[in-house]
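Here the structure comes first, spelled out in structure tokens, and everything after it is commentary.
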There are 2 protein chains.
Amino acid sequence: MCENAGLAVTHQRHVIYEILKNMHGHPSPEEVYARVKRRIPSISLATVYKNLHLFIESGIFHEVSLHHGSLRVETNHRPHHHLVCTRCKSISDIDAKELGLAAKHGKLPGGFLAQRYAVDVLGLCAECQRKAD
Amino acid sequence: MCENAGLAVTHQRHVIYEILKNMHGHPSPEEVYARVKRRIPSISLATVYKNLHLFIESGIFHEVSLHHGSLRVETNHRPHHHLVCTRCKSISDIDAKELGLAAKHGKLPGGFLAQRYAVDVLGLCAECQRKAD
DNA sequence: GTTCTTGCAAAGGATTTGCATCCTC
DNA sequence: GAGGATGCAAATCCTTTGCAAGAAC
């Protein structure tokens with residue numbers, strides 16, 4: 001299966017993978033755990049966490065927020081977006097104008113009222129590119 | 001000062017505000033606490049947390065990630081972005097094509113290598129708009 | 001004076017870690 | 001068999017809460 005990432009194919013890992021494939025939305029580890037538990041009652045939450053991290057590190061799944069974890073206050077009051085380094089997790093600012101995305105405001109399909117855009121540009125910062133040579 | 005938001009002007013609150021104004025980047029509560037403690041050694045971390053939340057609720061400051069908190073796995077493998085309701089915090093998906101932002105890949109100013117865009121459209125979902133009438 | 005705030009300590013939730021045992025390769 | 005994976009419990013990190021004492025309006 002998808003385990004050319006150097007991961008052993010264990011029963012637990014396989015079931016977690018299958019369940020993730022068939023879930024939709026943005027499940028939390030607890031939600032995944034609850035589903036997996038129905039098929040493997042003896043599984044532990046720690047195992048679910050470990051495997052979710054492995055899947056994310058391997059790029060098999062993404063996580064929704066690249067900078068979840070702790071509360072961060074935005075001190076830059078100018079319109080700007082974020083450059084998020086996927087390697088070192090650093091976040092730096094870039095002026096909205098400099099990035100130049102044409103963002104639609106107002107109603108979107110589905111009736112959602114768009115008021116503000118928060119863009120994360122994911123990639124590698126200059127420093128991590130140098131190290132990756 | 002900025003306290004037409006119905007907040008009492010306490011010494012602690014004032015100092016926290018001033019310090020936030022003069023910080024840059026995306027400080028964590030602990031970092032803010034450390035700075036404030038230099039001016040008010042007796043301040044408690046809980047007070048910093050309470051005031052950060054009040055500032056954010058009042059719109060005086062923003063928080064960096066609208067959906068920090070717990071790990072969420074992305075189960076939608078199609079290119080898409082997120083509609084984040086600022087009232088009920090719900091997150092729904094919208095196809096990248098449907099949103100239609102022209103995103104630049106490759107090198108950005110500062111040497112950042114852009115690989116992927118994660119866009120949060122902040123606003124009100126249809127349901128919360130109805131309730132807000 | 002009444003109400004909102006603070007500081008402290010304890011509680012809570014989410015996530016990680018250590019370790020013995022078990023399972024893939 | 002060797003090394004990675006699991007399960008459990010304890011530990012840790014981040015954040016919130018309860019409450020008595022203190023400050024703002």
Side-chain angles (χ1 to χ4, degrees), chain A residues 1-20 26-58 60-74 89 91, chain B residues 1-20 26-58 60-74 89 91:
Chain A
M1 186 64 78
C2 292
E3 319 298 29
N4 1 27
L7 302 177
V9 182
T10 65
H11 180 217
Q12 288 82 337
R13 185 163 294 160
H14 190 258
V15 170
I16 293 172
Y17 174 81
E18 285 298 331
I19 281 181
L20 278 176
H26 314 102
S28 66
E30 284 284 352
E31 286 165 344
V32 176
Y33 173 61
R35 288 273 196 115
V36 177
K37 211 174 172 62
R38 298 214 294 255
R39 284 219 240 154
I40 312 177
S42 65
I43 200 166
S44 81
L45 182 56
T47 300
V48 172
Y49 268 100
K50 286 168 189 163
N51 281 296
L52 291 183
H53 284 308
L54 287 171
F55 287 155
I56 289 168
E57 279 167 31
S58 319
I60 298 172
F61 286 92
H62 284 150
E63 61 182 309
V64 173
S65 178
L66 274 291
H67 36 74
H68 83 278
S70 86
L71 174 63
R72 295 295 170 140
V73 183
E74 188 59 81
K89 311 295 184 201
I91 302 178
Chain B
M1 185 67 78
C2 292
E3 320 297 27
N4 1 25
L7 302 177
V9 183
T10 65
H11 180 215
Q12 288 80 337
R13 187 164 292 161
H14 190 258
V15 170
I16 293 171
Y17 174 81
E18 285 298 331
I19 281 180
L20 278 176
H26 314 99
S28 66
E30 285 283 354
E31 286 163 345
V32 177
Y33 173 61
R35 287 273 197 116
V36 177
K37 212 174 171 59
R38 297 215 295 254
R39 284 220 238 154
I40 311 178
S42 65
I43 201 166
S44 81
L45 181 56
T47 300
V48 172
Y49 268 99
K50 286 168 190 164
N51 280 297
L52 292 182
H53 284 309
L54 287 172
F55 288 153
I56 289 167
E57 280 168 29
S58 319
I60 299 173
F61 286 92
H62 284 148
E63 61 181 310
V64 173
S65 178
L66 275 292
H67 37 71
H68 79 91
S70 87
L71 174 65
R72 296 294 170 141
V73 183
E74 188 60 82
K89 312 292 183 201
I91 302 177

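First the proteins, then the strands, lettered A, B, ... as listed; each starts at 1.
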- Let me know the distance between CD of E30(B) and P of dT16(D), rounded to the nearest Å. 13 Å
- Query: Rounded to whole angstrom units, what separation is found between the CD atom of E31(A) and the P atom of dA14(C)?
  - Reply: 11 Å
- Message: With a 4.0 Å cutoff (strictly under), does any side-chain N or O of R13(B) reach OP1 or OP2 of dC4(C)?
- Response: no
- Message: Looking at dT16(D), I'd like to know if its phosphate oxygens (OP1 or OP2) sit under 4.0 Å from a side-chain N or O belonging to H53(B).
- Response: yes
- Nucleotide dG13(C), atom P - distance to OH of Y33(A) in whole Å: 16 Å
- Message: Quick check on dG7(C): is either OP1 or OP2 less than 4.0 Å from any side-chain nitrogen or oxygen of Q12(B)?
- Response: yes
- Consider the side chain of T10(B), meaning its heavy atoms from C-beta on, and name the nucleotide among dT6(C), dT15(C), dT15(D) that approaches it most closely. dT6(C)
- Message: What I want to check is whether an N or O donor and acceptor connect the side chain of K50(B) with the base of dG7(C) at under 3.5 Å.
- Response: yes
- Query: Taking atom C1' of dT5(C) as reference, at what distance in whole Å does atom CZ of F55(B) sit?
  - Reply: 13 Å
- Task: Give, ordered by number, those residues of residues 35-48 of chain B having at least one heavy-atom distance below 4.0 Å to an atom of DNA chain C; if nothing qualifies, reply none.
- Result: S42(B), I43(B), S44(B), A46(B), T47(B)
- Message: Treating R72(B) as the side-chain partner and P27(A) as the backbone partner, does any N or O pair qualify as donor plus acceptor under 3.5 Å?
- Response: no
- Task: Measure the distance from CG on L52(B) to P on dC14(D) and round it to the nearest whole Å.
- Result: 15 Å
- Task: Answer yes or no: does a side-chain N or O of Y49(B) lie under 4.0 Å from OP1 or OP2 of dT15(D)?
- Result: yes
- Item | T47(A) side chain to I43(A) backbone, donor-acceptor under 3.5 Å | no
- Backbone of I19(A) reached by a side-chain donor or acceptor of R35(A) within 3.5 Å: no
- Item | Phosphate OP1/OP2 of dG13(C): any S70(B) side-chain N/O under 4.0 Å | no
- Exam field: side chain E31(A) to backbone S28(A), donor-acceptor pair closer than 3.5 Å: yes
- In whole angstrom, what separates L71(B)'s CG from dG13(C)'s P? 18 Å
- Message: I'd like to know if the side chain of R13(B) reaches the main chain of A8(B), judged simply by a donor and an acceptor atom lying under 3.5 Å from each other, with no hydrogens or angles considered.
- Response: yes
- How close do E30(A) and L45(A) get, heavy atom to heavy atom, and via which atoms? OE2-CD2, 3.5 Å
- Interatomic distance where CG belongs to L54(A) and C1' belongs to dT24(C) [whole Å]: 15 Å
- Message: How long is the straight-line distance from CG of L7(A) back to CD of E57(A), given to the nearest 0.5 Å?
- Response: 9.0 Å
- Rounded to whole angstrom units, what separation is found between the CG atom of L7(B) and the P atom of dT6(C)? 10 Å
- Message: Side chain of V9(A), heavy atoms from C-beta onward: which of dC25(C), dA24(D), dA5(D) has the nearest atom to it?
- Response: dC25(C)
